[in-house]
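Quick note on labels: first sequence line is chain A, next is B, and so on, each numbered from 1. This one's a predicted model, so the numbers in the text were calculated from it and none came from an experiment.
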There are 2 protein chains.
Amino acid sequence: MTVVAKSTRPKVVDVARHAGVSTATVSRVLNNNPRVDPEIAERVRASLSELGYRMNSVARSLRRQSNSVVGVIVPDIANPFFTDVVRGIGDALRDDGYMLMLCNSDDDTDLEASYLRLLSAQQVSGVIVAPADSLRSDLTELTSTGVPVVVIDRLAGTGDFDSVVFDNRTGAAQLTARFVEAGRRRIAHIAGPERTFTGSARREGYLEALAAAGIATDGALIVDSDYSEEGGYRAVRELLASSTPPDAIVIANNAMTLGAIRALTELDVDPETIALASFDPVPWSTSQRYSLVVLDHETMRMGTEAAALLVARIGEPSREPEIRRLSAGTVAVFAD
Amino acid sequence: MTVVAKSTRPKVVDVARHAGVSTATVSRVLNNNPRVDPEIAERVRASLSELGYRMNSVARSLRRQSNSVVGVIVPDIANPFFTDVVRGIGDALRDDGYMLMLCNSDDDTDLEASYLRLLSAQQVSGVIVAPADSLRSDLTELTSTGVPVVVIDRLAGTGDFDSVVFDNRTGAAQLTARFVEAGRRRIAHIAGPERTFTGSARREGYLEALAAAGIATDGALIVDSDYSEEGGYRAVRELLASSTPPDAIVIANNAMTLGAIRALTELDVDPETIALASFDPVPWSTSQRYSLVVLDHETMRMGTEAAALLVARIGEPSREPEIRRLSAGTVAVFAD
DNA sequence: ATGAAAGCGCTAACAG
DNA sequence: CTGTTAGCGCTTTCAT
C-alpha cells in the first residue's frame, strides 16, 4: 500500500513566494480583481496551479464576514414536494455560487430551532425555511442576528418575512369545481390540520367552490386529518362507512392521497364510483386504478422564487419583505 | 414597522469583559473544559446567556482546523433510496454534533467533482459520497488533501476507501429463487447498466439463481436498461412483445419498477400472469394491482454504517480502509 | 486555575 | 498597479 504524503495545502503566502509577489496580489488574482497586471496575473495563476492551491473558504468567510452557504430547512426531505423545492433552490443558488446546507426538521420545532441556531453559528448567508409549525416556529433568533430569511410553503405566524406560498385556496376551489362540472355532487374533503397554513386555505377553497356551485356543505363529508398516509387511510374508511358515501374526494396532500388509495384498494371500491383529487407532486405513485387528478404546482418554481428572494435580500437587507403567491397551478390528469 | 437594531453579536471578548475574566476562560467554559473553577464557570455562563452570546463556528473552525460539517453527495436526492440513506446519515451524525452539507450530483461527474472541490474548500470533516459513476468519479482530489471519505452504494473504482455496499448479488439471487420456488420458469430480468456496480452485481445474482435451479438462461429474457422509469417502461413493452412472454420479472431498481408497472397497466396485462420483484424502497408507490415483492435493504442502515465509518476514520485517519457489505436483506411482500 | 498573547488563512484598507 | 499590515473571532500553548 502506498503511503500518500499528507501534502499540506499551499496557502496564499506560499503561492506569493513562488510567484515572487505579495499575498495581496495573489488574493487579487484569486478574486479576479481587474487591476492586476495581466502578465503578473498569469504568473500567479501558473503558481496557483503548479502548487495545486486550494482556497480555504473558512478563512475567507471569517475575513469577509460572509459565507457562500445557504441553509435550507424542510420538515421532510423524503416528501417529493420538498425534494422538488430543494432542487429548485439548489439549481438557482448554484448559479450565484452558493452551496446548500440542507436540514431535515422532521416536523419538530425543537429540532428546527436547533438547526436554526447551528446555521446561524455557521454564519450562513441566509436561510430558506419551510416552518415545521407556522405558529410556533421561532425565526426571531435568526432575524435578530440579521440573517436573511425566506419562508416557504407556509406563512410564518410571527413577523413578516420574504415568503413564497401557493395560492392554496384557489387551487382547492379549482379541483372541487372540476368535480362539480363533472356532475359529482357528494364531494368530500380530507382536510389537513386546521391550524396549518395550507390546511386551512385548502379547506376554504373547497368550501368556497361548493358554495359557488350552490351545493350545500355536508359536515359528514369533511374529515379532519393530519397530512399523514395513515390519516388519509383512516379518513377514507370513515367516509365509506357512511350510508351515503362520497362520489369524489378532494385530498389536501400527497401522503394522505396514498393512504386514501390504499384504503380504497383494500375495500375494493369500484373505481367507477369515486374520483380523487390531490395536491402536491406524487411522482412515485403508480395507482392507475382510481381516477386521480393532482394540482400541478410547478413545485420547483417555489424553490427558484425563494432563492431569488433570498439573493435579493442578501443584496439589500433593508428591502421591504415580499410575499410571492404562486398561482394555483394547472390541474394535471394523473390517472383516469 | 419597527426597526430592529442589527444587534451586533457579542464575542468572547465581550463576554470575558462582562464576566470579569479572560477570553481563555470563556473559551474553556464554552468547551466544557473541566479545569475551570465551578463558581467562575457559572458566572461566565450567566454572562453568556445575559449577553445572548452565539458562537461563531467559522472562527472556531479556522482556529481548530476542523469543521463540524460533513459533506454528502448523492446522485439523486429525489430517489427514496437516497433520501433514506441521507436520513440515516443525518440521524447518526447529529449525535456526534455534525451538520450535513447535502449535494445533488444529478449523476453528473463534473458537477460531482465541483462539489467535491467546494466541500474540500469548506474544510469539511469528511465526505460521504455515492459516486455518480463508480469508474470515472475522481475522489483523489479529496484523499490527496487528507479529507476522510466514505463511499456508499457503489464501490469506487480507483483506490480503496471505506465503503458500505449491499450484497446485491445475493439479493438478486434471493428474489429470483423466490420466483423459482413459486413455480415460475420464464423469469426475466430488467438490468441496470452493466458498468455500474449495482447493475452488474444484480445481474450476476439473477443468473446465479437460475443456474442453481437448473433453468437455462434465455437471452431474450434479459433486457439491458438504464435505471430510469422510462427504461423500465420500454423494457416491459419489449418483453411482452415476445410470443413467449415472461411470467415473472426481477427489476434492478425502483424507478424501472414504476415504469414497468406503468407499461403493464397500459397493456392491461392480467395480474395473474405476471409477478414482479424489485430492489430499493418504493415507498410512494401504490400499485396494488400487480404482485410485487421488494428487497428490504434496511436502507437507513447504509447511512448509519457510513456515518460510523466516517467518524472512525476522522478519529483515526490512518486506519485500514474497511468495506462493509450489508446483508442482502429480507424479501418484503409489498403487494400481492 | 487563570491570563497574555500568538496565530489559523485570508482579504482589504492604506500607502506607495 | 503592488506591497505592508492589521485584523476577522476563536482556541491554545505557555507562563504564572
A.B. asks: Measure from CD on A/Gln122 to P on D/dG9 and round the result to the nearest Å.
C.D. replies: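 Atom-to-atom, A/Gln122 to D/dG9, this comes out as 16 Å.
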A.B. asks: Whole angstroms only, please: what is the CG-C1' distance between B/Leu30 and D/dT12?
C.D. replies: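 Distance, rounded to whole Å: 14 Å.
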A.B. asks: Students should find this one: the first and last nucleotides of DNA chain C, 5' to 3', lying under 4.0 Å from a heavy atom of chain B. What are they?
C.D. replies: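 Both ends considered, the range comes out as C/dA1 to C/dG9.
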A.B. asks: If a pair satisfies side chain to side chain donor-acceptor pair (under 3.5 Å) and one of its residues is in residues 308-317 of chain B, list it, with sequence neighbours excluded.
C.D. replies: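 Qualifying pairs: B/Asp162-B/Arg313.
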A.B. asks: Could you say whether B/Asp37 or B/Gln65 is positioned toward the 5' end of DNA chain C, judged by the nucleotide with the nearest heavy atom to each?
C.D. replies: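 Here B/Asp37 is the residue nearer the 5' end.
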A.B. asks: Whole Å only: how far is the CZ atom of B/Arg60 from the C1' atom of D/dT12?
C.D. replies: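 One finds 13 Å between C1' of D/dT12 and CZ of B/Arg60, rounded.
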A.B. asks: Touch check for B/Ser27, heavy atoms < 4.0 angstrom, all strands: base, sugar-phosphate only, or nothing?
C.D. replies: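 Touches a base.
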A.B. asks: Tell me which of B/Ser57 and A/Arg63 sits closer to the 5' end of DNA chain D, going by the nucleotide each one is nearest to.
C.D. replies: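 Going by which nucleotide is closer to the 5' end, it is A/Arg63.
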A.B. asks: Between B/Arg28 and A/Tyr53, which residue's closest nucleotide on DNA chain C lies nearer the 5′ terminus?
C.D. replies: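 The 5'-side residue here is B/Arg28.
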A.B. asks: Rounding to a whole Å, what distance do you find between B/Arg35:CZ and D/dT13:C1'?
C.D. replies: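 Answer to the nearest Å: 10 Å.
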A.B. asks: Donor-acceptor pair, distance only, cut-off 3.5 Å: does the side chain of A/Asp14 make one with the backbone of A/Lys11?
C.D. replies: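 Flag set: sc A/Asp14 to bb A/Lys11 pair under 3.5 Å.
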A.B. asks: Are OP1 or OP2 of D/dT4 and a side-chain N or O of A/Ser22 less than 4.0 angstrom apart?
C.D. replies: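 No, no such contact exists.
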A.B. asks: So that I can tick it off, tell me whether B/Arg28 and B/Asp37 are bridged by a salt bridge, with the cut-off set at under 4.0 angstrom between side-chain N and carboxylate O.
C.D. replies: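 Salt bridge flag = no for B/Arg28 with B/Asp37.
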A.B. asks: Check every strand shown and say whether B/Thr23 touches a base, only sugar-phosphate, or nothing at a heavy-atom separation below 4.0 Å.
C.D. replies: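 B/Thr23: base contact, heavy atoms under 4.0 Å.
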A.B. asks: Please walk me through it: do B/Arg94 and A/Asn104 pass side chain to side chain donor-acceptor pair (under 3.5 Å)?
C.D. replies: CA-CA 11 Å; B/Arg94 187 170 45 256; A/Asn104 200 129; over 6 Å; no
A.B. asks: Does B/Val58 reach a base, just sugar-phosphate, or nothing at all? Heavy atoms under 4.0 Å.
C.D. replies: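 Nothing, no nucleic acid heavy atom in range.
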A.B. asks: Starting at CG of B/Leu62 and ending at C1' of D/dG7, how long is that distance when rounded to a whole Å?
C.D. replies: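 Rounding to the nearest Å, CG of B/Leu62 and C1' of D/dG7 are 12 Å apart.
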A.B. asks: How close or far is atom P of D/dT2 from atom CG of A/Asn31, stated in whole angstroms?
C.D. replies: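 Distance, rounded to whole Å: 15 Å.
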A.B. asks: Indicate whether any N or O donor in one side chain lies under 3.5 Å from an N or O acceptor in the other, for A/Ser144 and B/Arg54.
C.D. replies: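 No, B/Arg54 and A/Ser144 have no side-chain donor paired with an acceptor closer than 3.5 Å.
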A.B. asks: Once salt bridge (charged side-chain N to carboxylate O under 4.0 Å, His left out) is applied, do any residues pair with A/Asp108, and if so which ones, sequence neighbours excluded?
C.D. replies: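 So A/Asp108 forms no salt bridge (charged side-chain N to carboxylate O under 4.0 Å, His left out) with any residue.
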A.B. asks: State whether a side-chain donor-acceptor pair under 3.5 Å links A/Arg9 with B/Ser120.
C.D. replies: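 Yes, because at least one side-chain N or O of A/Arg9 sits under 3.5 Å from a partner of the opposite role on B/Ser120.
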A.B. asks: Expressed as a whole number of angstroms, how long is the span from A/Asn56:CG to D/dC8:P?
C.D. replies: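 Going from A/Asn56 (CG) to D/dC8 (P), I get 18 Å.
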